[in-house]
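Scope of the values below: all heavy atoms of this structure, side chains included, with no hydrogens, waters or symmetry mates. Naming: A, B, ... by sequence-line order, numbering from 1 per chain.
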Number of protein chains: 2
Amino acid sequence: MKGLVRGERSRRVLEAVILEYIKGGVPVGSRAIAKKYGLSVSPATIRNVMADLEELGLLYQPHTSAGRVPTELGLRVYIDAILKIQQLSIADREQIRRSYQGGASRLEGLLQETSKVLSSFSKQAGVVLTPRLSHTVFKRIEFVRLRASMVMTILVSQAGIVHNTVFEIKEDISQEELDKYGRYLNDMLQDLALHQVKARLLEEMQKEKVLFDRLLSKALELSQKALQENIENSELYIGGRTNLLDNPEFADVEQMRRIFNAFEEKSKIIDLLDKSMSAGGVNIFIGSESELLDMESVSFITSPYASGDEVLGTLGVIGPTRMDYSRIIPLVDYTAKLLSKMLEETF
Amino acid sequence: MKGLVRGERSRRVLEAVILEYIKGGVPVGSRAIAKKYGLSVSPATIRNVMADLEELGLLYQPHTSAGRVPTELGLRVYIDAILKIQQLSIADREQIRRSYQGGASRLEGLLQETSKVLSSFSKQAGVVLTPRLSHTVFKRIEFVRLRASMVMTILVSQAGIVHNTVFEIKEDISQEELDKYGRYLNDMLQDLALHQVKARLLEEMQKEKVLFDRLLSKALELSQKALQENIENSELYIGGRTNLLDNPEFADVEQMRRIFNAFEEKSKIIDLLDKSMSAGGVNIFIGSESELLDMESVSFITSPYASGDEVLGTLGVIGPTRMDYSRIIPLVDYTAKLLSKMLEETF
DNA sequence: TTTTAGCACTCGCCTCTGTCGAGTGCTAGG
DNA sequence: CCTAGCACTCGACAGAGGCGAGTGCTAAAA
């Protein structure tokens with residue numbers, strides 16, 4: 001990839017076009033570059049270089065006699081080969097840390113706050129994917145009798161995620177008995193990952209069938225029901241949607257509608273974030289790379305977050321392809337690390 | 001208010017203008033009304049009537065030689081005095097009930113689904129305000145030791161609302177001991193409203209101070225901490241935001257931004273819904289009546305929902321003032337009642 | 001007194017036109 | 001290999017003019 005742009009000068013021109021385009025959002029011409037980027041060559045020369053870059057597919061002209069705009073490939077090359085990612089300034093870090101002041105006492109609150117931090121520092125939309133229950137470690141199960149034959153199950157994971165389900169049972173069970181079930185299960189399931197819990201329960205049910213122990217089989221049945229629920233699902237917090245309205249490329253209502261539809265639908269975005277969960281470090285999807293159809297002019301910058309060794313979810317920033325990558329990449333990186341640290345300390 | 005529009009004909013003209021305006025979204029002229037609404041008078045007569053209505057402040061002209069548009073007051077008069085609210089058709093009801101099929105096993109899911117139902121049937125945005133914890137009846141409290149000196153409190157209300165908080169304590173407490181606290185508190189607080197729970201706890205703490213019972217005073221202290229959390233807060237589910245983009249009056253990006261900002265901010269909308277919680281039945285706020293500044297062209301139609309006698313929250317539809325009130329008012333009404341019924345059955 | 005027909009007038013919307021300026025590609029000369 | 005010069009292209013913008021919907025007013029009819 002790096003070989004695509006051979007000369008030092010080509011690189012500098014590409015960089016200049018991209019920086020200028022990110023700043024202004026309009027096609028950039030040869031003159032502007034010659035002037036502002038101290039390359040001390042004439043516009044005509046720049047034009048020749050730009051023509052070369054266009055042939056390589058890194059730039060393109062919206063129409064004859066307009067300036068150049070970077071293509072997705074151009075941005076990709078820029079990010080991979082030219083952009084030097086510097087650290088976030090001390091002041092920025094300080095300010096981000098301060099946004100969290102007060103400390104969150106609920107996981108939901110912490111994650112939601114994170115989406116706001118991401119959005120307000122990037123001036124784009126911030127997203128945070130919540131942990132999947134099934135990937136976390138079992139901590140506790142609890143049954144509450146809401147009323148006759150209605151039982152609520154509360155499931156708590158090691159990481160402090162709480163999930164509850166309500167269901168109907170055939171016969172009424174007293175709260176005392178439910179408490180017994182709970183104690184039994186809590187002993188049995190300690191320290192298993194939740195997706196293991198499911199298997200373990202089935203296994204135990206086989207055993208109990210033979211023993212005909214009513215209490216235990218009942219307990220197993222109940223918890224079985226609770227887990228039938230989709231513990232595979234993640235939620236998605238989105239902050240700063242309206243920031244996107246400020247981007248001139250989305251002045252077009254059609255574009256906007258597509259993005260807001262994706263926000264409403266969520267599933268597509270969740271899939272994407274899910275994919276980038278396994279890959280460590282910062283991930284960047286430019287335009288159509290995200291494979292969210294109809295989302296050509298949108299980029300994602302994501303990073304997974306964790307608690308201890310357990311990768312819990314992904315967070316990131318969504319914005320136009322014309323985004324200030326040099327600022328937002330370190331932002332996402334730092335925020336993911338900070339969140340991980342906070343989760344580890346609290347949960 | 002009714003006296004404002006004296007003649008039968010005036011009323012019919014006002015109605016015609018509003019219906020036509022709701023349908024088309026553009027100012028309506030005298031000719032269209034004379035033709036379509038079978039008043040069997042000439043456009044010129046209609047014009048005279050319209051001039052009268054304008055003088056009363058029920059209609060206005062965006063500019064000379066444009067048709068008329070209803071004012072907020074006009075809509076208000078129409079809704080209060082002219083509109084006959086009919087029932088939702090059997091087919092519609094059936095379809096709404098069917099949207100809920102599968103039954104919700106979690107309160108959150110049920111409420112979120114409701115916001116979607118409201119939006120898809122109204123073609124506008126649907127909102128549902130979640131119950132406030134403090135207004136519900138205590139059912140159960142549970143402490144979970146996450147790790148050394150980190151405790152999670154889980155609070156369950158009679159209506160099936162679950163709230164959890166994590167906090168740090170000075171000294172480590174074993175899970176067994178925490179369970180004891182739980183049992184003690186569950187006995188003591190049974191059937192109290194949550195806002196009473198707070199008072200009761202303080203009261204008990206006074207007593208225990210004298211008795212120096214370590215276990216009890218510790219339990220009280222913990223639950224006290226859990227309740228310091230904002231159990232006053234409500235969440236807001238919003239469905240179908242993007243439907244609003246289809247309304248031509250919001251083609252203007254500025255307008256749109258204001259509304260989406262309010263969605264993001266949420267607090268203003270929560271306040272409004274909160275207000276209309278105490279008032280029974282369907283509430284309608286037209287344009288500036290909602291007192292959400294910068295929201296002139298937006299109307300709210302809301303209705304509280306309950307479980308048994310306990311009013312839990314509010315739901316409603318947000319759309320342009322130019323909304324199909326005759327359809328949406330019964331929709332909101334029916335949905336609120338249906339939700340109430342479902343809550344009562346499940347929780 | 002109320003309703004209607006006729007008419008002149010207003011104003012937003014659309015299209016057409018011409019001008020301006022930014023930016024290009026090409027060529028010839030340094 | 002770089003640069004200056006030049007003709008050309010194309011979008012953005014502003015102004016002119018025509019169209020059509022809709023009005024208010026007046027005078028006559030019911």
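Counting heavy atoms of neighbouring residues, nucleotides and ligands inside a 6.0 Å radius, atom CZ of A/R31 does not exceed 12 of them. For A/K123, the NZ atom sits in a loose shell: 12 or fewer heavy atoms of surrounding residues, nucleotides or ligands are nearer than 6.0 Å.
Proximity of the aromatic rings of B/Y78 and B/Y325 is defined here by a centroid distance below 6.0 angstrom, and this criterion is not met.
Remark: of the listed residues A/I286, A/T321, A/I259, A/I259 is the sole one forming a side chain to side chain contact (heavy atoms under 4.5 Å, CB included) with A/V298.
Minimum atom distance to the side chain of B/T45 is reached by C/dT3, of the listed D/dC2, C/dT24, C/dT3.
Across the protein-nucleic acid pair, B/E20 atom CD and D/dA21 atom C1' stand 14 Å apart, rounded to whole Å. A straight line from CZ of B/R31 to C1' of C/dA5 spans 13 Å, rounded to a whole angstrom. The separation between B/I46 atom CD1 and C/dT4 atom P is 9 Å, rounded to whole Å. One atom, CD of B/E8, and another, C1' of C/dT2, lie 18 Å apart when rounded to the nearest Å. In this structure, the CG atom of A/L59 is 15 Å from the P atom of C/dG23, given to the nearest Å. Between the P atom of C/dG25 and the CE atom of A/M50 lies a distance of 9 Å, rounded to the nearest Å. At whole-Å resolution of the value, OH in A/Y60 and P in C/dG23 are 16 Å apart.
Between A/R9 and D/dC1, a side-chain N or O to OP1/OP2 separation shorter than 4.0 Å is absent.
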I'd like a list of close polar pairs between nucleotides 11-17 of chain C and the protein, N/O only, cut-off under 3.5 Å.
unit_1, atom_1, unit_2, atom_2, d
C/dC11, O4', B/S65, OG, 3.3

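Within 3.5 Å, a donor on the side chain of B/R47 pairs with an acceptor on the base of D/dG24, or the reverse.
For the pair B/N48 and A/R68, both in contact range of DNA chain C, the more 5′-proximal nearest nucleotide belongs to B/N48.
For B/S297, the side-chain hydrogen bond (donor to acceptor under 3.5 Å, both in side chains) criterion is met by B/Q255, not counting sequence neighbours.
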Under 3.5 Å donor-acceptor pairs involving side-chain atoms of residues 57-74 of chain A, not counting sequence neighbours:
unit_1, atom_1, unit_2, atom_2, d
A/Q61, NE2, A/A66, O, 3.2
A/R68, NE, A/E54, OE1, 3.1
A/R68, NH2, A/E54, OE1, 2.8
A/T71, OG1, A/G57, O, 2.7
A/T71, OG1, A/L58, O, 3.2
A/T71, OG1, A/L73, N, 3.4
A/T71, OG1, A/G74, N, 3.0
A/E72, OE1, A/S288, N, 3.4
A/E72, OE1, A/S288, OG, 2.8
A/E72, OE2, A/S288, N, 3.0
A/E72, OE2, A/S288, OG, 3.3

Please walk me through it: do A/T302 and A/L315 pass side chain to side chain contact (heavy atoms under 4.5 Å, CB included)? CA-CA 6 Å; A/T302 71; A/L315 53 75; over 6 Å; no
